[in-house]
Amino acid sequence: MIDNDLTTLDSNFRNLIHKTLKKRIPPSTYSEHLEDLINVLMESLSKGEIYIEMNNITPYIGLKAQGWPLDHIKALKSSGWLEGKDSPIILEGNLLSWRRWHEEMENIIINLKDRLSYEPNHSQRLKKEVSSRKQSTLNKNQINAVEAVLNHNVILLSGGPGTGKTSTIVEMLLKALSIKQDLRIGLGAPTGKASRRLEETIQKSIINLDEHSKNRLLDIPCTTLHQWLKANEIEFRKNEASPIQLDILVVDEMSMVDISLMKGLLKALPKESQLILVGDPDQLPPVGNGAVWHKLHEETTLRNFSNCAFRLNKVYRNRGDLVDLSNKLRTKQLGDFFEDVQNLKKSSSLQVIISSKEEIPVEIIKKLTQHQVNLINKATSLTNSAEEITSQALNHMLATDLLNCLEELMVLSPRRYGPWSVEHIHRTILEKTLDKGVMNWPPGTPVICGENQPELNLANGDIGIVIGGEVSNYLLFRLQSTTNSCDFTLIHPIRVRSLSPAFATTVHKAQGSEAEHVIFLWPEPINQIHSSNNNPLYNKEYERKLIYTAITRAKSKLDLAITLDK
């Protein structure tokens, strides 16, 4: 199986859970069936999922006991672990979950349903004041979503890349503002990269608007959800007692939002405020526990929001074969998908690199090395142009050019360690300097922030680059403020608590970002995947979402490195 961005919970911790449950609620008979269920639930949590479908497909790991799932359900029912309001596990239909996470997810759904009973501040009854706007460029689903902004206090807007989600958001906000011009509106996303990309795509979407509309939308603050919640290391300082004062909040990249973040958001945002949730339900679940966006798109849950949920399917952005292949991932077996990509024309926007070795393919190293050379040259030009290295002294145009170059190529792997992993890439490129730390990494080395540091205006996942040289290294980051001024800043490396090189990142870390060219290393032998298509004990749903998330990071070009055997 492919590694998650989280380290798989080790056996010692699982054994502790086993012992605690046995002591707290002694089962009549403790069997390997119960051990299997605990292991499956814990493995599921390590991938961000809180529910396990009790069907004939074994989720994620091998089982010790025979008879999945019927014998496991039988052992669970006789254990006493399902009885009473304080029971640790819940089985609802064919879904198994820890009770704590199930109840927290249910409370989120209840909260969102309750919000539907509130009328937006710019409600339908004031529609007569709406100034007419031409929406001829929108399709029917988009127009319906725009009209819904007048009637529903919660809106779910979903779709893949290039389906017009941003254009729809823009028209929604203009529709609301045409009724009430002084609406307090906010834009947010789970990470700094995602919020910055949301801001940039909105700026591109409003180029042809009149100056008044353009300026009004540019004034809308766009930042991370953690910044909206005034998060620190201990808590969210925005809550019921100190709410977020907004009439409308748009949350993008909802697939990255876990239970903890959603709970905090719903506590801090008054129920009278309109909540517009946007994302792609086919992407990976969040790193944290509880895939809220995926739960909202389950058929039974979605029925509660049938009048305010809109799925955009028509693709407007020309991404060549990448669109067809991402759509095929929703319906085809993984083995069939890999067979399809190997039969693509050489002129395709997706190129396949096949290798049977554990070394990273030479073609990949050449492209990455050339990217490194470009970054080094631009970083050197930037520092040579300034008498001293300060934010004020650096040439703004050269700094922007360097940061733009940084975002042209993205290298992804599902693994942090091992062959074809993020660490493998970095050891190949940085060699001996990798272990010496950032002060010894050469100028032009991309870096990624591993923690939220609001005092530095840095968010987990923000990408920067090393500049400087002989005397001292500095980190150049593109930053974003709540006033929509997007600029760069310099930070000394010693001030950043968690920092790693970023020539490559995991697929999870790449969520919320895009690049013109993406290189994706798939280390799992595809012949083994193909042979497992009919194996009921092999679940590929997680891998399917992982590959989908990776290939949809590419705007125009994707190199997919695969191996037939290892």
Side-chain angles (χ1 to χ4, degrees), residues 1-4 6-110 258-260 262-263 285-292 294-296 298-301 532 535-543 545:
M1 288 291 137
I2 297 299
D3 294 341
N4 188 343
L6 290 178
T7 304
T8 303
L9 294 170
D10 60 38
S11 58
N12 290 334
F13 184 65
R14 291 178 183 174
N15 290 334
L16 179 62
I17 298 294
H18 296 163
K19 291 177 182 178
T20 301
L21 282 177
K22 285 170 69 176
K23 182 177 180 180
R24 180 184 163 195
I25 311 174
S28 55
T29 303
Y30 190 82
S31 65
E32 287 187 338
H33 293 88
L34 296 180
E35 286 189 36
D36 281 343
L37 289 171
I38 292 173
N39 286 338
V40 165
L41 284 169
M42 298 304 289
E43 182 73 10
S44 179
L45 278 182
S46 76
K47 289 180 165 61
E49 297 283 7
I50 63 173
Y51 293 102
I52 292 296
E53 286 192 50
M54 300 298 288
N55 52 30
N56 68 335
I57 299 177
T58 306
Y60 309 121
I61 62 172
L63 301 177
K64 294 181 179 180
Q66 299 293 318
W68 177 275
L70 297 180
D71 289 350
H72 290 77
I73 293 174
K74 183 179 179 181
L76 182 61
K77 288 181 176 178
S78 64
S79 68
W81 289 358
L82 295 174
E83 297 175 6
K85 294 182 178 180
D86 296 325
S87 62
I89 297 174
I90 187 167
L91 180 63
E92 193 170 83
N94 72 333
L95 293 180
L96 184 73
S97 176
W98 295 111
R99 178 174 289 275
R100 171 194 170 184
W101 299 116
H102 169 77
E103 290 182 348
E104 291 198 349
M105 183 68 83
E106 288 298 302
N107 288 337
I108 286 172
I109 304 301
I110 290 170
D258 61 18
I259 284 177
S260 175
M262 195 66 186
K263 276 179 58 182
V287 173
N289 294 329
V292 175
H294 298 83
K295 180 65 176 177
L296 285 170
E298 289 179 1
E299 186 177 348
T300 52
T301 308
S532 68
N535 183 355
L537 298 183
Y538 187 79
N539 190 319
K540 297 179 291 296
E541 183 59 25
Y542 181 78
E543 281 79 357
K545 288 182 180 294

Is there a side-chain contact between Pro27 and Trp81 in this structure, where contact means two heavy atoms from C-beta onward sitting under 4.5 Å apart? yes
According to side chain to side chain donor-acceptor pair (under 3.5 Å), who are the partners of Ser260, at least two apart in sequence or on a separate chain? none
For the pair Val40 and Leu96, evaluate side chain to side chain contact (heavy atoms under 4.5 Å, CB included) and give the outcome as yes or no after the intermediate values. CA-CA 10 Å; Val40 165; Leu96 184 73; 5.8 Å; no
As an exercise, state the distance from OH of Tyr51 to NE2 of His102, rounded to the nearest 0.5 Å. 5.0 Å
Can you name the residues that form a side chain to side chain donor-acceptor pair (under 3.5 Å) with Glu103, not counting sequence neighbours? Arg99
Please lay out, stage by stage, how Ile73 and Leu91 fare under the test side chain to side chain contact (heavy atoms under 4.5 Å, CB included). CA-CA 9 Å; Ile73 293 174; Leu91 180 63; 4.0 Å; yes
Are Ile50 and Met105 close enough, and set up right, to give a side chain to side chain contact (heavy atoms under 4.5 Å, CB included), and what steps lead you there? CA-CA 9 Å; Ile50 63 173; Met105 183 68 83; 3.9 Å; yes
Nearest heavy-atom pair of Pro88 and Ile25: which atoms, and what distance? CD-CD1, 3.4 Å
May I ask you to decide if Leu76's main-chain N or O and Ser79's side chain share a donor-acceptor pair within less than 3.5 Å? yes
Partners of Ser31 by side-chain contact (heavy atoms from CB on, under 4.5 Å), sequence neighbours excluded? His33, Leu34, Ala75
Could you tell me which residues satisfy salt bridge (charged side-chain N to carboxylate O under 4.0 Å, His left out) with Lys22, sequence neighbours excluded, listed by chain and number? none
Test item: Pro69 and Asn55 side chains (from C-beta on) under 4.5 Å apart, heavy atoms: no
Considering only heavy atoms from C-beta outward, does the side chain of Ile52 approach that of Leu95 to under 4.5 Å? no
Is a donor on one side and an acceptor on the other found under 3.5 Å between the side chain of Thr301 and the backbone of Lys295? yes
Suppose we screen for side-chain contact (heavy atoms from CB on, under 4.5 Å). Which residues come up paired with Ala291, at least two apart in sequence or across chains? Glu49, Pro285, Pro286, His294
Is any side-chain heavy atom of Lys263 closer than 4.5 Å to one of Asp258? no
Trp98 vs Ile90, side chain to side chain contact (heavy atoms under 4.5 Å, CB included): CA-CA, chis, key distance, verdict: CA-CA 6 Å; Trp98 295 111; Ile90 187 167; over 6 Å; no
Any sub-3.5 Å donor-acceptor pair from Asn94's side-chain atoms to Glu53's backbone N or O? no
Under the salt bridge (charged side-chain N to carboxylate O under 4.0 Å, His left out) rule, collect the residues that match up with Glu83, sequence neighbours excluded. none
Do you know which two heavy atoms are closest between Lys64 and Asp36, and how far apart they sit? N-OD1, 2.9 Å
Does a side-chain heavy-atom distance below 4.5 Å link Ile89 with Leu41? yes
side-chain contact (heavy atoms from CB on, under 4.5 Å) with Leu37: of Met42, Glu32, Met54, only one passes, and it is Met54
